[in-house]
Amino acid sequence: PLRIAPLPASVRLDAVEAAPGPDGTSAGGAPSPLLGTGGSLAGPVRMPLDPAALVVGPSSSGRTTALRTLATALRSTGHDVRDDPAAVLE
């Protein structure tokens with residue numbers, strides 16, 4: 001039978017970064033920032049950004065948290081992240 005590791009109630013991003021797992025790029029070399037833990041092994045989960053990514057889900061599903069975590073991860077690796085709608089349109 002398939003066994004799925006339980007997820008913790010909360011997790012610190014620095015603790016996940018220290019866990020073994022794939023590096024921070026996708027197969028094509030695009031950034032693949034760390035979002036947290038998940039999957040059947042409750043290991044590091046990265047979001048490949050080649051060429052783009054879409055975050056969807058119902059109300060209270062964690063979309064905003066995922067986007068804030070994504071922005072933090074990208075900024076920490078020197079990427080320009082624009083979160084002001086007016087700045088995005090410039």
Side-chain angles (χ1 to χ4, degrees):
L2 176 64
R3 296 189 189 274
I4 298 176
L7 291 175
S10 65
V11 64
R12 291 182 47 90
L13 202 54
D14 57 351
V16 178
E17 288 171 341
D23 68 4
T25 59
S26 66
S32 187
L34 182 67
L35 286 182
T37 59
S40 60
L41 300 176
V45 173
R46 295 186 175 277
M47 183 175 198
L49 302 177
D50 48 344
L54 180 64
V55 177
V56 297
S59 179
S60 299
S61 64
R63 294 182 317 263
T64 300
T65 300
L67 289 170
R68 286 180 178 152
T69 303
L70 178 61
T72 299
L74 287 169
R75 283 185 181 116
S76 73
T77 57
H79 289 82
D80 181 32
V81 176
R82 299 178 186 189
D83 52 12
D84 174 12
V88 172
L89 298 174
E90 292 177 350

Which pair of heavy atoms, one from Ser76 and one from Ala73, lies closest together, and at what distance?
OG-O, 2.8 Å
Should the heavy atoms of other residues, nucleotides or ligands under 6.0 Å from CZ of Arg63 be counted, would the total exceed 12?
yes
Charged N to carboxylate O below 4.0 Å: is that the case for Asp80 and Arg82?
yes
Calculate, to the nearest 0.5 Å, the distance between atoms CG and OG1 belonging to Leu70 and Thr65 respectively.
12.0 Å
